[in-house]
Amino acid sequence: MKRKIAALLTVLLYSVFFLAGCSKPETKEEDDLIVIGMSQVGAESDWRQADTASMKEVFTEANGYRLLFEDARQEQENQFVAIRRFIQQKVDYIVVMPITEDGWDAVLKEAKDAGIPVIVVDRMVKVKDESLVAAHVGSDFYAEGRKATNWMKEKYANAEQVNIIHIQGTKGSTAQIGRTTALDDAVKANLNWKVIARMDGDFTEAKTYEVMKEYLSNRDSLPKIDVVYCENDNEAYGAIKALEGFGYTCGKDGVSVISFDATYNALVYCQKGKLALTVECNPLLGPLVESVIRTMQSGKTPEKNRYVEETAFCPEDITEELLASRKY
Ligand code: GZL
């Protein structure tokens with residue numbers, strides 16, 4: 001009788017556990033995944049979407065990662081909330097594409113105190129304690145700006161006066177600061193260059209179209225426009241739409257619209273002659289970020305700053321082969 005009761009109890013206990021859905025303990029493999037907490041700026045531009053795609057292509061479970069991806073929708077406060085959540089989740093690494101440079105000391109100190117390395121990607125953060133950032137991967141935005149102003153210097157070598165409209169990117173972002181400083185330095189060095197208007201395009205087509213339309217509405221009282229210096233491609237699309245709406249011609253014999261990023265659509269605008277120059281800013285940063293993480297996983301110290309190689313394109317550079325070869 002006792003044996004029967006024991007057998008019955010065993011069956012009962014097993015059923016209880018089975019019905020309670022007690023899953024098997026996590027498989028070893030899940031425990032082996034490197035957990036990445038990633039805070040992305042938003043989805044404001046073609047460049048940003050290519051950057052996000054590059055990260056999601058690299059940080060997959062097949063490659064040994066669990067990616068916790070958060071889109072900050074262009075709000076720094078959302079990045080702080082996401083980073084604090086990553087800390088609570090005890091991720092292995094925090095990867096942040098900071099919207100602007102200031103305000104990061106406190107939240108990055110919390111990550112450091114939790115023993116979680118922070119990798120800054122694309123734009124930079126300005127912090128008092130350099131050790132809060134394990135590594136930075138991105139672009140040299142001042143050098144990008146110099147490529148544009150060097151092109152302007154050549155194009156307008158014999159011009160008496162060069163009137164420039166300057167459309168800035170998200171104020172306080174490293175990309176805006178670097179590209180703006182390069183233009184300001186070139187204007188100081190070329191006394192016949194004049195910035196006739198400076199507007200905030202926030203790296204978007206819509207905002208740029210709005211501010212340019214407003215400015216151009218007084219067309220009859222405006223000075224000649226030689227150059228529109230847009231701090232990314234999407235701003236250039238908005239500027240060109242506004243200029244053409246007011247009867248301006250963009251291109252070799254008209255207004256020189258310049259942009260940064262050199263995403264696919266910008267190369268097509270260039271090929272059509274509407275964009276005079278687009279300076280490349282490489283968004284495919286996923287592989288570089290992964291190499292930093294692999295370096296740290298092996299116990300080594302990564303390079304503090306890694307910049308990607310970049311070039312620039314004019315209409316005569318654009319071939320069908322080039323367009324076919326572009327990954328973004
Ligand atoms: C540059 C990046 C900028 C791009 C814009 O690395 O931070 O932000 O130039 C994007 O297109 O919005």
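Numbering of ligands and ligand atoms starts at 1, following listing order.
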Is there side-chain contact between Arg179 and Leu183, with at least one heavy-atom pair below 4.5 Å?
-> no
Side-chain ([X]) to main-chain ([Y]) donor-acceptor, under 3.5 angstrom:
X      : Y      : value
Asp233 : Ala262 : yes
Asp105 : Lys128 : yes
Asn192 : Ala159 : yes
Glu235 : Phe203 : yes
Thr204 : Lys207 : yes

What pairs meet the ring pair (Phe, Tyr, Trp, His ring centres under 6.0 Å) rule with one or both residues in residues 151-196, with sequence neighbours excluded?
->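 Output for this query lists His166-Tyr229.
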By number and element, which atoms of ligand 1 are closer than 4.0 Å to a non-hydrogen atom of [X]?
X      : value
Cys281 : 1 (C), 6 (O)
Phe141 : 1 (C), 6 (O)
Arg179 : 1 (C), 9 (O)
Glu44  : 8 (O), 10 (C), 12 (O)

[options]: member with heavy atom nearest to [atom]:
atom                   : options                      : result
atom 9 (O) of ligand 1 : Asn232, Thr174, Asp261       : Asp261
atom 6 (O) of ligand 1 : Val41, Thr170, Asp122        : Asp122
atom 3 (C) of ligand 1 : Gln49, Arg123, Gln74, Glu310 : Arg123

Below the 3.5 angstrom mark, is there an N/O of [X], backbone or side chain, next to an N/O of ligand 1?
X      : value
Trp47  : no
Ser45  : yes
Glu231 : no

